Amino acid sequence: MNKTFLSLALVAFAFVGTTAENIKTPTNLSTTQSPYIDLTEAAESTVNSVVYIKVSMASKQIERYSSPFDDFFGDFFGFGDRQQRRQTETPRRTAAGSGVIISSDGYIVTNNHVVADADEIEVKLNDKREFKARIIGCDKTSDLALIKVETEGLRAIPIGDSDKLKIGEWVLAVGNPFNLTSTVTAGIVSAKSRSLNANDVESFIQTDAAINSGNSGGALVNAKGELVGINAMLYSQTGSFSGYGFAIPTTIMNKVVDDLKKYGTVQRALLGISGNDLTKYIDSEKEKGKSESDLDFGITEGVIVLEVPVDGAAAEAGIKEKDVVVAIDGKTVKSMAEMKEILATHRPGDKISVTIVRNKQRLEKQIVLRNIQGTTDTVSDIDPYSLGVALKPLTTQQKRELALENGLMVISVKEGKMKEAGLAKGIIITEVNDVKMNAVSDFDQVVREANSSKDPVLWIKAKTSSGLPKSYVVDLNAGGETDTKSEK
């Protein structure tokens, strides 16, 4: 039985059975327009702004636990508790994708899932020149990343306005499917503001152009050769193209790129509500037996407010449950995806006008947007090493001696929040925010996630070298207090 799923692997567009020569405009268009849509100039200019990206992930040492009898009998004789530690090395991995040059001095946009785990990034231009690239910033929420190569005079792509795209408009996709570099394909915009529930922020441009392995991070351009989206994923029943492709619009990309350059992390503005598409809400309530009169909001499209946290921006402005958001700053809102796309262009502290419908009456609310921590402050990226500790995974022998399955040992401490919290050389960190610590990268990831969360706090479980349990609390906010205690 076929299962429909979203492929977040490296993807690509492939064009089937259409050429610029047989793309004709409808006969009812003005006679002053050309009977053909010529895509050749857009294609020729775009290929020089799209790059091939190869990423490498270094091999890692991991430990596996198994019964000495598993290889022969599984756990048939009940010896499953007699575990052995086996240290193995994962093979070095490589993957490929695409990227788009957005400035002549080497800034390149791609997908987060292309480069997020990369230890090494190589970029090849259309003229075959190759460069090493470094990550400027990654944003998992929008699946965008910004990387940079150190050179000048690159061919930057002109950036267009994705809001001006129309359904049925022809677009080109440029990338490197199946390692076939500088491949240009075509299709039309089949829908806008699509949400696939794959990322927290998404309002995809949907196109019927084919997507296959290798073109994630490539360019979606209009007939003028302007960038209107970053190709991101496919919708398929098989994992290969069989339906539609989706691109992240430039309205979202521009804000993410600007934030990554300025702050190292995205400044995400929140309205302070939980909700759903009004049409989906009405349908679900009808299935529960609600009557038409109970579901008569006077409108059929918008975002219905289902929850309003008391400490959020919307609550302060007087928005209530069952209000329906229909516009922001005069721009019509028909769905959650459209609302998220509009909010994605704002930063905490921005003031917006929100139009709601309450009891079939339209009201205007002025709202000052906040960050996830409930303030209008700028959220800065945090370097885990700025916390003041150097960490090293426990060796197999240390784990055996301490009867631990995992842990990171503090090998050096300098001034910083971790020292203020009481951590010292020799302390073994086993868990941070309920995540087991097996590698330094585990610690780095938890720190960054906590820093951009509603509660920027590290809850640390640890042990001394003598086996005494310890716990620490580290507040990542500037000037935040720290605490430590022993568990006896």
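Numbering of residues begins at 1 and proceeds along the displayed sequence. Being a predicted model, the structure only gives us computed values, none of them experimental. All heavy atoms count here, side chains included; hydrogens, waters and symmetry mates do not.
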Might you confirm whether atom [atom1] of [X] has over 12 heavy atoms from other residues, nucleotides or ligands at distances under 6.0 Å?
X: Asp434; atom1: CG; result: no
X: Lys140; atom1: NZ; result: no
X: Lys255; atom1: NZ; result: yes
X: Lys320; atom1: NZ; result: no
X: Asp329; atom1: CG; result: yes
X: Glu292; atom1: CD; result: no

Taking the side chain from [X] and the backbone from [Y], do they hold a donor-acceptor pair closer than 3.5 Å?
X: Asp277; Y: Lys280; answer: no
X: Asn111; Y: Gly217; answer: yes
X: Thr110; Y: Ala145; answer: no
X: Glu202; Y: Leu196; answer: yes
X: Glu364; Y: Ile356; answer: no
X: Thr183; Y: Pro177; answer: no
X: Thr94; Y: Ser56; answer: no
X: Asn406; Y: Thr430; answer: yes
X: Asn276; Y: Leu306; answer: no
X: Ser162; Y: Thr251; answer: yes

Testing the basics here: between [X] and [Y], what is the closest heavy-atom pair and its distance to 0.1 Å?
X: Ser216; Y: Val114; result: CB-CG2, 3.7 Å
X: Arg358; Y: Gly318; result: NH2-O, 2.9 Å
X: Ser104; Y: Ala156; result: N-CB, 4.0 Å
X: Pro393; Y: Ala439; result: CG-CA, 4.4 Å
X: Pro309; Y: Ala315; result: O-CB, 3.2 Å
X: Leu165; Y: Val171; result: CD2-CG1, 4.2 Å

Any heavy-atom pair between the side chains of [Y] and [X] that's under 4.5 Å?
X: Ser45; Y: Arg155; result: yes
X: Ile157; Y: Val221; result: yes
X: Leu154; Y: Val149; result: yes
X: Val457; Y: Trp459; result: yes
X: Lys351; Y: Gln366; result: yes
X: Asp139; Y: Asn112; result: no
X: Arg362; Y: Val357; result: yes
X: Lys463; Y: Leu404; result: yes

Mind running salt bridge (charged side-chain N to carboxylate O under 4.0 Å, His left out) on Glu150 and Arg134 for me, showing each step along the way?
-> CA-CA 9 Å; Glu150 296 305 321; Arg134 59 187 174 91; 3.2 Å; yes
Determine whether the side chains of [X] and [Y] contain a donor N or O and an acceptor N or O closer than 3.5 Å.
X: Ser98; Y: Asn176; answer: yes
X: Ser453; Y: Asp455; answer: no
X: Ser441; Y: Asp444; answer: no

Hey, what do you get for [atom1] ([X]) to [atom2] ([Y]), rounding to the nearest 0.5 Å?
X: Met233; Y: Ile248; atom1: CE; atom2: CD1; answer: 7.0 Å
X: Glu321; Y: Ser274; atom1: CD; atom2: OG; answer: 9.5 Å
X: Leu458; Y: Leu476; atom1: CG; atom2: CG; answer: 4.5 Å
X: Leu369; Y: Gln267; atom1: CG; atom2: CD; answer: 12.5 Å
X: Lys148; Y: Ile102; atom1: NZ; atom2: CD1; answer: 11.0 Å
X: Leu146; Y: Cys138; atom1: CG; atom2: SG; answer: 9.0 Å

Closer than 4.0 angstrom, basic N to acidic O: yes or no for [X] and [Y]?
X: Lys288; Y: Glu285; value: yes
X: Asp200; Y: Lys340; value: no
X: Lys192; Y: Glu338; value: no

Give the intermediate values and the outcome of salt bridge (charged side-chain N to carboxylate O under 4.0 Å, His left out) for residues Lys331 and Asp163.
-> CA-CA 11 Å; Lys331 186 173 182 179; Asp163 274 348; 2.9 Å; yes
Please assess Ser293 against Asp296 for the test side chain to side chain donor-acceptor pair (under 3.5 Å), listing each intermediate value before the final yes or no.
-> CA-CA 5 Å; Ser293 59; Asp296 183 8; over 6 Å; no
Applying side chain to side chain contact (heavy atoms under 4.5 Å, CB included), run through Thr250 and Leu227 and close with a yes or a no.
-> CA-CA 7 Å; Thr250 52; Leu227 181 70; 4.0 Å; yes
When you look at Ser190 and Ile167, which way does the side chain to side chain contact (heavy atoms under 4.5 Å, CB included) test go after all the steps?
-> CA-CA 6 Å; Ser190 53; Ile167 295 175; 5.8 Å; no
Pick from Thr378, Thr376, Asn371, Asp258: which one makes a side-chain hydrogen bond (donor to acceptor under 3.5 Å, both in side chains) with Arg347?
-> Asp258
Only one of Ile304, Val305, Asn359 clears side chain to side chain contact (heavy atoms under 4.5 Å, CB included) with Lys322; which?
-> Ile304
Do the numbers put Lys360 on top of the ring of Phe297, so that NZ or CZ is under 6.0 Å from the six-membered ring centre and no more than 45° off the axis?
-> no
Run the numbers on Met437 and Val446 for side chain to side chain contact (heavy atoms under 4.5 Å, CB included), then give the verdict.
-> CA-CA 10 Å; Met437 296 291 105; Val446 170; 4.0 Å; yes
Output, in order, the C-alpha distance, side-chain angles, deciding distance and verdict of side chain to side chain contact (heavy atoms under 4.5 Å, CB included) for His346 and Ile352.
-> CA-CA 9 Å; His346 287 281; Ile352 62 173; 3.7 Å; yes
